[in-house]
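Atoms considered below: every heavy atom in the structure, side chains included; atoms not considered: hydrogens, waters and symmetry mates. Only a predicted model underlies this, so the values are computations on that prediction, with no experimental measurement involved.
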Amino acid sequence: MSSISARVLKGSFWVTLTRLFTNGLAVLSTFILAWNLSPADFGLVAIGTTVLVILTSVTEFSLSQALVRHEAPDETHLSAAWTLNALRGAVLCLLVCGAAWPVAAFFADARLKGIMFALGACLFIGGLANPKLAMAQRSLEYWQYFTVSTGEKLVGFAVAVAVAVIYKSYWALVVGSFATQLANVALSYAVMPFRPRILFRYFREFFGFSGWLMGSQFLSTINYNVDQLIVGAALGKAELGAYNVGGKLAQLPSREALAPLTQPLFPAFSLFSRTPDRLSAAYQRAQTLVTFGALPVSLGVALFAAPLVSLLLGAQWKSAIPVVQLVAFSTAFETLGSLVGPLAMATGRTNIFFARNLQKLVIRIPMILIGLLAGGLTGLLWGRMLSGLVTVFVDLRFVARILEQTVWQQIALNSRSLVASIVMIIAALGLDKARPSIPLFGNDLAFLLIAGGSSAMIYFLASFGLYWARGCPSGAEKETMVLAGKAWNALALRRRNIEVAE
C-alpha cells in the first residue's frame with residue numbers, strides 16, 4: 001500500500017503542478033478578458049458553450065475511465081476507443097452546427113450562429129485526440145498530462161488574449177477555445193506516439209462500463225448548466241455574464257484545492273476495489289484531507305467576495321459579487337461528498353452514480369426556478385445555495401451505500417474542519433466589520449492579504465488545536481503533517497545531493 005501511496009503522491013505532484021500552471025493562465029486570461037470585454041460578451045458566448053456542453057453530455061462515453069479500469073487494455077482497445085471518439089466528435093459537430101439556427105432565433109441574436117459553427121468545429125477536432133493518454137493515468141504517471149495540459153493552455157491563452165486586447169471582441173473567447181483544441185490533439189500524439197486504426201470492436205464492452213456513466217454525465221450536465229440558459233433567457237446576457245464569470249470565480253479556488261488529490265483517486269481506489277476495508281480506509285483518508293483543504297478556501301472566497309471581484313474583475317462586474325458569495329458558500333460544504341464519483345466508478349457502481357445525479361437534478365432545478373420566480377437573480381442564487389446544502393446529504397447517503405459508513409459517521413470524520421470553519425467565519429466577519437476604521441484596509445489588496453491570511457491562520461490553529469486536544473487521532477491534520485514531513489525530507493535530500501555534487 002505504501003508504494004501505491006507513493007505513486008498517488010507523485011501523481012498528485014504532477015497534477016498540482018499542472019493545475020498551478022494551467023489555471024494560473026486560465027485565471028490570468030479571465031481577468032484580462034474581463035477587463036477588455038463586457039459581461040454581455042461573456043453571456044453571449046456562455047449561451048453557445050452551454051448548449052454545446054449539454055449536447056456533448058448526451059454522448060459522453062467516459063472512454064478514458066473505461067480504459068483505466070480495464071484489466072488488460074491493448075492497442076486494439078485504444079484504436080476502438082479512438083474510432084468511437086472520432087465518430088462522436090463528427091456527430092456532435094453536426095448537432096451543434098444544426099442547433100445554430102434555433103438557438104439564434106430563441107435568444108434573438110444572429111451572432112450565435114457563427115459562435116455555434118466555431119464550437120462545432122472544436123468538437124470535431126477534439127474527437128481526434130489520442131486515447132493512449134489514459135494509459136499514463138492508469139499507471140498513475142502524469143507528466144504527459146502536464147505536458148499536454150500546459151501546452152494547450154499556453155496556446156489558447158496567447159490567442160484569446162491577443163484577440164481580446166486587439167479587437168475587444170467576444171470572438172476572443174471562441175477563437176481561444178478553438179486554438180486550445182488544436183494544440184491538445186497535436187500534443188497528445190507528440191507525448192505518446194500512437195497510430196490509430198479505424199476499428200469497430202469492443203463497443204459493447206465500453207458501453208457496459210460507461211452506459212450508466214453516460215446517463216449520469218447527462219443528468220449532471222443538465223443539473224449544472226441549464227441554469228445558464230434560464231438566466232440568459234429570463235434575465236438577459238449581461239446578467240448571464242455576471243452569473244457565469246462569478247460562478248467560475250467562486251468555484252475556482254476550491255476546484256484547485258481538490259484537483260491535485262481527486263484526479264489520481266479513481267485509479268487509486270480501483271486498486272482497492274476488491275478489498276472493502278482498505279478501500280474504506282483510503283476513502284476516509286482522502287475525503288478528510290480534501291475537506292480540510294477545500295472548505296476554508298471556498299469559505300474565504302465567499303467571505304471576501306466584494307474585494308476579490310473589485311480587484312480581479314473591475315467595477316463593471318459589481319453584479320457578480322452576490323454570485324461569488326452564495327456559490328462559494330454552497331461549494332464549500334459540497335466538498336463533504338465530493339469523492340462519491342471516483343468511489344462509485346472505482347467499484348463499478350455506476351448505477352449508484354446515475355441515481356445520485358437524478359436525485360440532485362430533481363432537487364436542484366425546482367429550487368432554482370422557485371428562487372428565480374420569487375426574487376430574480378438573487379432568489380435563484382439562494383435556491384441554488386439551499387439545494388447545494390441539501391444535496392450534500394444525497395452524496396453522503398450514496399457513499400454509505402458503497403461503504404459501511406453512515407452519514408453521521410462521515411460528518412464526524414470532518415467535525416474538526418467544520419468547527420474550525422465556524423471559528424474562521426466569526427473572525428472574518430469581525431475583520432470585515434472593522435474595515436472602515438482601519439485606513440490600511442481601504443486598499444482591496446492589502447485587506448485581502450491581511451484579513452484573508454489572518455482568517456486562514458485562525459482556521460488552521462483552531463483545527464490543529466482541536467486535533468491536539470483530542471489526543472492526535474487519525475485525520476487530515478496527521479495526513480498534512482506526514483505529507484509536509486515527506487516534502488521536507490525530499491527537499492533536504494535534494495539539497496545534500498547538490499552539495500555532494502558540488
Side-chain angles (χ1 to χ4, degrees), residues 11 14-30 33 45 48-49 52-53 55-57 59-68 78-93 95-97 115-138 141-163 171-196 217 221 248 252 255-256 259-260 263-264 266:
W14 280 110
V15 174
T16 301
L17 191 62
T18 304
R19 302 293 293 193
L20 286 174
F21 187 86
T22 59
N23 286 293
L25 280 179
V27 170
L28 181 60
S29 174
T30 298
L33 295 174
V45 177
T49 55
L52 176 144
V53 168
L55 289 176
T56 301
S57 69
T59 56
E60 180 55 64
F61 298 142
S62 303
L63 294 179
S64 293
Q65 291 92 330
L67 290 170
V68 167
L78 296 176
S79 288
W82 181 88
T83 303
L84 190 55
N85 256 338
L87 288 173
R88 172 178 175 265
V91 171
L92 284 173
C93 176
L95 286 174
V96 171
C97 291
I115 292 173
M116 297 293 286
F117 292 149
L119 294 176
C122 287
L123 287 173
F124 176 74
I125 294 169
L128 303 177
N130 187 356
K132 196 173 182 179
L133 285 175
M135 296 300 95
Q137 182 184 0
R138 175 185 170 85
E141 294 289 340
Y142 282 90
W143 71 264
Q144 298 95 336
Y145 167 77
F146 170 81
T147 303
V148 174
S149 297
T150 54
E152 70 177 14
K153 289 297 183 184
L154 271 172
V155 172
F157 170 82
V159 172
V161 168
V163 174
W171 276 105
L173 299 165
V174 181
V175 176
S177 297
F178 187 82
T180 299
Q181 284 293 344
L182 279 175
N184 172 272
V185 173
L187 289 170
S188 68
Y189 289 97
V191 300
M192 294 194 77
F194 174 62
R195 181 176 295 179
Q217 182 64 34
T221 301
K248 289 179 179 178
L252 177 66
R255 189 172 66 239
E256 298 318 303
Q263 191 148 345
F266 166 46

Rounded distance [0.5 Å steps], [atom1] in [X] versus [atom2] in [Y]:
X      : Y      : atom1 : atom2 : result
Lys153 : Leu25  : NZ    : CG    : 9.0 Å
Asn85  : Arg88  : CG    : CZ    : 6.0 Å
Leu92  : Leu52  : CG    : CG    : 7.5 Å
Met116 : Leu95  : CE    : CG    : 10.0 Å
Ile125 : Leu182 : CD1   : CG    : 4.0 Å
Leu123 : Leu128 : CG    : CG    : 11.0 Å

Exercise. Are the side chain of Ser149 and the backbone N or O of Phe146 linked by a donor-acceptor pair below 3.5 Å?
Worked result: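 Checking the backbone N and O of Phe146 against the side chain of Ser149, no donor-acceptor pair under 3.5 Å is found.
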Exercise. Backbone N or O of Met192 within a donor-acceptor pair of the Asn130 side chain at under 3.5 Å?
Worked result: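 Checked: pair present.
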Problem set entry | Heavy-atom side-chain contact between Asn184 and Val148 under 4.5 Å | yes
Problem set entry | Beyond-backbone contact of Ser79 with Phe194, side-chain heavy atoms, under 4.5 angstrom | yes
Write down the atom of [X], the atom of [Y], and the distance for their closest heavy-atom approach.
X      : Y      : result
Trp171 : Val163 : C-CG1, 4.2 Å
Cys93  : Ala121 : SG-N, 4.1 Å
Ala160 : Gly176 : CB-CA, 3.9 Å
Ala118 : Phe178 : O-CD1, 4.2 Å
Ala183 : Gly151 : CB-O, 4.5 Å
Tyr189 : Trp82  : OH-NE1, 2.9 Å

For this session: Assess whether atom CZ of Phe124 is packed by more than 12 heavy atoms of other residues, nucleotides or ligands within 6.0 Å.
Result: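 Open: at most 12 neighbouring heavy atoms sit under 6.0 Å from CZ of Phe124.
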